[in-house]
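Note sheet for the following structure.
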Amino acid sequence: MLEDKKRRQFRRYKHRSEFQLSIGRNSFKAITIDYSLGGLGFSVESTPSITLGSIIDVNIKDINLNIKGKVVWTQNIERNLRVGIKGVSVSGLLKYYPLSDIFLDLQKSEKTGILEIRDGLIYKKAYIKNGDIVFARSNLKEDRFGEFLLRSCRITPDQHYRTVALMKKTRKRYGAILIELGYLRAEDLICTVKHQV
């Protein structure tokens, strides 16, 4: 039990939130102890029937976070039961997580999905496969891949304009045309996209 806690891979954030834990038809008062993208630690009043390996859905309203996780450890402390779950899926607002930790946790957990970040009318998306960022999208012109390559002097303005013209003509992706024209090597594309993100 405690060995699993020692082997945690994710930075945990201390936070106390009360929530109702529902197990079957029963509801229990619970309090979060700490959380991360990788899991959640909480304490439950009384001792509900929670077994190792069971899957629990937790909805923490005050931080707008939903975690579905597998119970990886339990510990009785006086009249309370402490529970640790490893996150199977996490959704909701991640505003309480530093962005750098989100990317590190996604990489460590080898998650696949889309991380969308919004601030008013500005949005950015990172497409993640097995923990690695494979593509990014933004509605800001200065965040576009071509703009990034120009700013970092990886391509010339002439190469950029030629690539854009071919992209409009052929409807191929920008990166694919860069490779076809020999402006960027295929093996450098993913690394360059990661650097852009």
Side-chain angles (χ1 to χ4, degrees), residues 1-120 122-138 194-195 197:
M1 169 190 72
L2 292 177
E3 277 189 35
D4 284 339
K5 287 201 280 188
K6 287 179 186 174
R7 288 186 298 208
R8 288 181 180 152
Q9 298 180 32
F10 303 95
R11 179 173 175 185
R12 313 267 305 178
Y13 302 99
K14 299 291 181 192
H15 183 79
R16 296 187 68 78
S17 288
E18 289 187 12
F19 66 97
Q20 291 297 313
L21 176 66
S22 298
I23 300 174
R25 293 183 178 177
N26 299 317
S27 185
F28 303 92
K29 183 179 175 185
I31 298 172
T32 62
I33 297 167
D34 56 16
Y35 66 96
S36 74
L37 282 180
L40 173 72
F42 61 91
S43 178
V44 185
E45 289 184 358
S46 74
T47 52
S49 177
I50 297 176
T51 57
L52 292 177
S54 60
I55 303 295
I56 296 178
D57 289 310
V58 177
N59 180 344
I60 307 166
K61 290 181 181 176
D62 73 328
I63 58 173
N64 193 8
L65 195 61
N66 303 300
I67 300 174
K68 180 177 186 173
K70 179 179 177 181
V71 176
V72 292
W73 60 267
T74 61
Q75 181 180 22
N76 285 308
I77 299 177
E78 297 176 8
R79 293 186 351 218
N80 293 334
L81 177 68
R82 287 192 64 181
V83 179
I85 62 172
K86 180 179 180 182
V88 174
S89 67
V90 178
S91 63
L93 293 178
L94 302 178
K95 68 182 182 178
Y96 294 98
Y97 294 94
L99 186 58
S100 58
D101 286 352
I102 291 172
F103 282 116
L104 286 171
D105 285 354
L106 290 170
Q107 186 178 40
K108 286 178 185 177
S109 62
E110 298 181 347
K111 298 277 187 199
T112 296
I114 301 169
L115 176 64
E116 183 173 334
I117 302 162
R118 291 186 170 271
D119 185 9
I122 299 169
Y123 81 85
K124 299 177 186 228
K125 291 182 181 181
Y127 295 78
I128 299 162
K129 183 175 181 181
N130 299 326
D132 292 326
I133 300 166
V134 294
F135 184 71
R137 176 171 281 158
S138 169
K194 284 182 184 179
H195 188 77
V197 173

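Source: prediction; values computed, not measured.
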Notebook entry, point to check: Could you give the distance from CD1 (Ile77) to CZ (Arg82), rounded to the nearest 0.5 Å?
Noted result: 5.0 Å
Next item on the list: Test Leu40 against every option in Ile56, Ile67, Ile33 by the side chain to side chain contact (heavy atoms under 4.5 Å, CB included) rule and name the one that passes.
Entry: Ile67
Determine all donor-acceptor pairs shorter than 3.5 Å in which one atom belongs to a side chain in residues 130-137; sequence neighbours excluded.
none

Item checked: Exercise: identify the closest heavy-atom pair between Lys124 and Ser138 -> CG-OG, 3.7 Å
Notebook entry, point to check: Would you find a donor on one side and an acceptor on the other, under 3.5 Å apart, between the side chain of Thr32 and the backbone of Ser17?
Noted result: yes
Check: Nearest 0.5 Å, what's the CG-CG distance between Leu99 and Leu104?
Finding: 10.0 Å
Notebook entry, point to check: If you round to the nearest 0.5 Å, how far is CG of Asn66 from CD1 of Ile60?
Noted result: 8.5 Å
Item checked: Qualifying residues under side-chain hydrogen bond (donor to acceptor under 3.5 Å, both in side chains), relative to Glu116, sequence neighbours excluded -> Arg118
Check: About how many Å separate CD of Gln75 and OG of Ser43, when rounded to the nearest 0.5 Å?
Finding: 10.0 Å
Next item on the list: To the nearest 0.5 Å, tell me how far Phe42 CZ sits from Ile31 CD1.
Entry: 11.5 Å
Next item on the list: Can you see which heavy atom on Thr51 is nearest to which on Val71, and at what distance?
Entry: O-CB, 3.5 Å
Check: What distance do Lys129 atom NZ and Ile114 atom CD1 have between them, rounded to the nearest 0.5 Å?
Finding: 13.5 Å
Next item on the list: Apply the test side chain to side chain contact (heavy atoms under 4.5 Å, CB included) to residues Leu21 and Ile50: give CA-CA distance (whole Å), side-chain angles for both, the deciding distance (0.1 Å), then the verdict.
Entry: CA-CA 11 Å; Leu21 176 66; Ile50 297 176; 4.0 Å; yes
